[in-house]
Amino acid sequence: MCNDLLRRLSKSQNTVFCGRIQLFLARFFPLDERSGLNLMSQFNLANVTTFNTTDSDVSLSLDNSNMDVSVPEASKTEKPIDYILYRKFWSLQDFFRNPTQCYKKEKWRQFQKYSKVVLDAFSSLKLDSVQGSKRKHQASQKLQKQGKDQVYFAKFLTSEKLFDLQISDSSFRRSVLVQFLILYQYLNHTVKFKTNVHVLTDEMSSHIKDSSEVVYALLRETPPNGEEFTKTVAQILSREEHWNEWKNKGCPTFVLERPKAGEEVPAPTRSRSRKRSIREELTGDDMFKRRDMGSPELTKLWNICPDNMEACRSESRIFLPNMEEFFEEAIEQADPEAMIEDEYKVVNESNFAWQAVRILARKSPHFFQPVIAEPPIKKLSQYLEWILTKIAKEMPQTLSSSEEIKTGEGFAETDDLLQGGEEEKSDVLTDDQLEAVVNKVGENWKTLASELFLSDDDITNLQTEHSEAKEQARQLLHLWQEREGESATKDTLVKALQESGLVDIVESVFSET
C-alpha cells in the first residue's frame with residue numbers, strides 16, 4: 001500500500017507526505033532489510049533538468065506584482081544576465097543525475113571545465129551573513145502571517161531571471177555544493193556494480209581531491225553556521241561510506257542468531273600468547289633452529305648455513321670469473337681458421353653476451369672507449385667480436401699461431417696480433433712527419449678529420465678552442481693519436497690523406513716509404 005501511494009503522489013508537490021511514508025517504512029522494517037535499498041546503484045535518469053539554452057535580450061528586473069517575493073531595493077535595478085555561467089551551471093545537473101558520464105574522457109573534460117567556472121563564481125561572490133539572516137527572518141515572518149508551514153520543493157526553478165538571486169541564496173548554494181561532494185564520493189569509492197571502464201585516472205583523482213577541498217572551504221564560508229553545517233555533511237558522507245561497504249559485501253545481517261534450545265554455547269577461546277616477530281625469531285636463542293620459509297626452495301636456501309651473514313661473506317660466493325678464461329672459447333671461435341659459422345659462436349648467445357658485458361664493465365678499460373668501426377656496429381655480437389680483438393692483444397704471448405684473431409671484414413682496425421717488432425717500428429709516426437703534415441694540410445684539416453672518424457662535435461670543439469687552422473690541424477692529429485693508441489699508424493694516416501684527396505702531402509712527407 002505504501003509503495004502504491006508513493007507511485008501516485010508527486011515527489012515535487014507532495015514532498016513532505018512522501019518523506020513521511022519513507023520514514024515509516026524505514027522504521028517498520030529491520031535495519032538490514034534489502035527491499036528498500038538501491039542495491040544495483042542505479043540513478044534516476046528520468047530526472048532531467050530543463051533550462052533555456054539560447055540567449056535572449058533579458059535583464060534581471062523583478063516586479064512584485066507578478067511574483068510574491070521580498071526583494072531588496074538594490075535588486076530592482078536592471079542587471080544583465082550572464083548566460084555563459086547560467087548554461088554551464090545548469091548543465092552540471094546532468095552530471096549529478098548520471099555520474100557515470102564522468103568516466104568518459106570528453107564528458108570529464110566538460111565537467112571539469114564547468115565545475116571550475118561555477119566554483120570560481122561561488123568563490124568570487126561572498127555571502128553576507130547579516131543580509132542572509134535578515135532575508136531568512138523576513139521570509140519566516142511572512143510564512144507565519146500566512147499560517148503555512150515551510151515547504152521545500154525538490155525541483156529547481158531554472159528561469160534565467162532567478163539565477164542571480166539563486167546563486168546569492170545560502171540554502172541554494174549549499175544544495176549545489178553538497179551535490180558536488182556526493183558526486184566526488186561516488187567517483188572516488190569502490191562500488192560493487194561498477195564496470196571495468198569505471199576507473200579514475202591519476203589526473204581525475206587529483207582534480208577530485210583539489211575540488212573537494214574547495215567545496216568544503218566554500219561550505220564553511222556559507223552563512224549561517226557554516227562550520228557546523230560542514231561538519232555535519234562530512235559526518236553524513238562518512239557514514240555513507242560504511243553503508244556502501246556493507247552493500248558491497250552483500251548486505252550481511254546485523255542481528256546475531258540466538259542459540260537454539262538445547263544447543264551448547266561455545267566457550268570463549270583463551271587468549272593466545274603474543275606471536276614473536278621475525279626479528280626476535282632470527283636473533284633469539286633458537287636462531288640456529290631449522291626454519292620453514294613457506295616453500296621447499298626457500299627453506300633449503302635459508303638452512304644451508306646456520307649463520308646467514310657468515311654465508312654471505314664466504315669466498316665461495318665470489319662468482320666473477322677471470323676475463324681470460326671467460327673469453328678463451330670466444331677468441332678461439334673468432335679465428336677464421338677455426339671455420340665456425342656465426343650462428344654457432346658463443347657471442348650470439350644471449351646469456352653469454354649479458355655476462356660478457358657485465359665482466360667488461362667491471363674489468364676491461366676498453367668497455368669505456370669509443371667504438372670506431374666501418375661499417376658502424378649495430379649488434380651486440382658484432383661489438384663483442386670487435387672488443388675481442390682488443391682483449392686478445394693483451395693476453396699472454398703463449399698462444400699458438402692458430403689462436404690468433406684476425407680482424408674480420410667491416411672493422412676499421414687491423415689485427416696485427418703477435419706480429420714482429422720490426423714491422424711495427426716501420427709503421428710508427430714520427431714527430432717530424434706529424435709536424436710536416438700539420439704545415440701542409442692547412443684549411444683541409446676538416447676533410448682529413450672525417451676520414452679519421454672524428455665526429456662533428458669534435459670538429460666544432462676544435463674550431464671553438466683554437467682560432468688558427470695550423471693549431472686546429474695539430475690538435476686534430478693529437479686527438480686522433482690519443483683515441484686510437486697503437487692503431488694510429490703511418491699507414492692509417494696515409495690512407496686517410498689519400499681518401500681526402502691530399503695525395504701531394506703523401507708524396508712530399510712520406511716519399512721515403
Side-chain angles (χ1 to χ4, degrees), residues 331 334-337 364-366 368-377 382-395 397 399-459 462 469-513:
I331 292 175
D335 186 4
E337 295 181 1
S364 177
H366 302 296
F368 301 99
Q369 294 180 355
V371 180
I372 302 176
E374 189 63 34
I377 294 175
Q382 295 177 353
Y383 169 75
L384 292 176
E385 290 180 353
W386 174 83
I387 208 167
L388 283 177
T389 61
K390 300 276 190 181
I391 298 174
K393 295 178 182 180
E394 300 173 354
M395 291 180 66
Q397 301 289 333
L399 294 176
S400 62
S401 59
S402 62
E403 293 176 337
E404 297 176 0
I405 299 178
K406 297 181 182 179
T407 307
E409 295 182 1
F411 294 114
E413 297 181 342
T414 59
D415 185 12
D416 297 326
L417 181 63
L418 306 178
Q419 295 289 330
E422 295 182 359
E423 184 178 352
E424 291 182 358
K425 290 183 180 179
S426 63
D427 202 24
V428 175
L429 281 167
T430 63
D431 294 339
D432 295 337
Q433 291 173 336
L434 290 175
E435 190 63 26
V437 173
V438 169
N439 294 331
K440 293 180 177 296
V441 72
E443 296 290 344
N444 296 321
W445 68 271
K446 297 179 185 178
T447 307
L448 178 61
S450 301
E451 296 298 330
L452 293 177
F453 302 105
L454 266 71
S455 64
D456 294 339
D457 293 338
D458 295 332
I459 296 175
L462 291 175
K470 183 176 180 180
E471 187 62 25
Q472 292 170 352
R474 182 179 290 106
Q475 296 300 324
L476 162 67
L477 295 179
H478 288 172
L479 179 61
W480 170 64
Q481 284 184 313
E482 290 178 0
R483 290 188 177 179
E484 295 298 319
E486 297 179 359
S487 300
T489 61
K490 181 173 65 176
D491 290 343
T492 305
L493 181 58
V494 169
K495 184 177 179 181
L497 290 169
Q498 291 175 346
E499 294 293 336
S500 304
L502 305 174
V503 183
D504 53 338
I505 298 178
V506 177
E507 295 176 354
S508 60
V509 177
F510 305 101
S511 58
E512 296 181 359
T513 57

#### Entry: CG-CG distance between Asp431 and Leu477, expressed to the nearest 0.5 angstrom
11.5 Å

### Query
Shortest non-hydrogen contact from Ala469 to Trp445?
O-CD1, 4.1 Å

### Query
Do Gln498 and Val494 have side chains that get closer than 4.5 Å, going by heavy atoms?
yes

### Task
List in chain and number order the residues that pass side chain to side chain contact (heavy atoms under 4.5 Å, CB included) with Ser455, two or more places apart in sequence or in another chain; answer none if no residue qualifies.
Asp457, Asp458

## Note on the structure
side chain to side chain contact (heavy atoms under 4.5 Å, CB included) filter on Gln475, not counting sequence neighbours, yields Leu462, His466, Glu471, His478

### Task
Any chance you could measure Lys446, atom NZ, to Leu476, atom CG, to the nearest 0.5 Å?
12.0 Å

### Message
Measuring from atom OG of Ser364 to atom CD1 of Ile387, what distance do you get when rounded to the nearest 0.5 angstrom?
### Response
5.0 Å

### Summary
Lys440 meets the side chain to side chain contact (heavy atoms under 4.5 Å, CB included) criterion, sequence neighbours left out, with Ile505, Ser508, Val509

#### Entry: Over 12 non-hydrogen atoms of neighbours within 6.0 angstrom of CG in Asp504
yes

#### Entry: From Leu452 atom CG to Leu497 atom CG, the distance as rounded to the nearest 0.5 Å
7.5 Å

### Summary
To the nearest 0.5 Å, atom CG of Leu384 lies from atom OG1 of Thr389 at 11.0 Å

#### Entry: Where Val441 and Ala473 come nearest, the two heavy atoms and their spacing
CG1-CB, 3.5 Å

### Task
Please tell me if the side chains of Leu434 and Leu493 come closer than 4.5 Å, counting only heavy atoms from C-beta onward.
yes

